[in-house]
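Remember, it's 1-based here, ligands and their atoms both numbered in the order they're listed. Remember, it's a predicted structure, so these values are computed and weren't measured experimentally. Numbering of residues begins at 1 and proceeds along the displayed sequence.
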Amino acid sequence: MKISDNRGFNYVAGFHGVPQFKCWHHWRRRGEQRLLPLFLPWHRAYLYWLEQDLKDQVADITLPWWDWSSEISRDEGIPKAFSEKKDPSGNPNPLYKSHIFVPTATPPLDEDTFRNEQDTSLLPTKNDVDAVLRNTNFSDFEDDLEEIHDNIHGWVGGSMQRVAVAAFDPIFWAHHCMIDRIWRIWQTDRADLGFPVDLLDEVLEPFPFKVRDVLEVKSLGYDYASTSSEIIVSG
Ligand SMILES: [Cu+2]
């Protein structure tokens, strides 16, 4: 967050909404006429990009996922690592909020992210996730998963419910890791990884990757510690 050039958090957060608006949601991207189901691959490339920038600073760091369907989330809501205003030594917790600085936006942005979360009883359940996982067709799966994803953005509220600034809230990344993880679970035991073959060469701008490059998390050098949704609840 202290790095002000294109390796910094503020710059990378700006790929999603302001100022670059490169994200894909509900088959759409700003300035693109075609409708394409690139929500999942685009956000996987995005997570990978931030994680590589983080690794340049701290070699063994990885992005965590936030399992908002877990019992712990039902008790505590947003994980304490993200919700506490101060870290254990009394300094401001950088995961609680970030400062959005985009002077080129209309209007110019120079403000902190904020949240306005709802009651934990409204979070999706494991049954909701399991229902999404039962889809056999990629487009249906992605549509259903994106709907749960939208609900979490709305549940967190504040900056997270606006596409333009959502990625500036640090919880965005843990939320999207959970979405990425559910995709990874869905891909397990699918020889073709379930993606429409005619879209494998679509480029995931601004990243130098095609869809085919991000289909397999292991080829990107990562995997999820658990790809069974059972184990997470007890953790
Ligand atoms: Cu999102």
Chemist: Could you tell me whether the Cu ion (ligand 1) has an N, O or S atom of H175 under 2.8 Å away?
Modeler: no
Chemist: Over 60° means perpendicular and under 30° means parallel, so classify the ring planes of F39 and H25, tilted if in between.
Modeler: tilted
Chemist: In H176, what N, O or S atom is nearest to the Cu ion (ligand 1), if we give its atom name?
Modeler: NE2
Chemist: Under 30°, 30 to 60°, or over 60°: which ring-plane class applies to Y46 and W173, parallel, tilted or perpendicular?
Modeler: tilted
Chemist: Taking all non-hydrogen atoms of both residues, which atom of T62 and which atom of K55 are closest, and how far apart?
Modeler: CG2-NZ, 3.8 Å
Chemist: What is the ring orientation for F172 with H43, classed by angle as parallel under 30°, tilted 30 to 60°, or perpendicular over 60°?
Modeler: tilted
Chemist: Looking at the Cu ion (ligand 1), is one of the N, O or S atoms of H153 less than 2.8 Å from it?
Modeler: yes
Chemist: Which single N/O/S atom of H149 lies at minimum distance from the Cu ion (ligand 1)?
Modeler: NE2
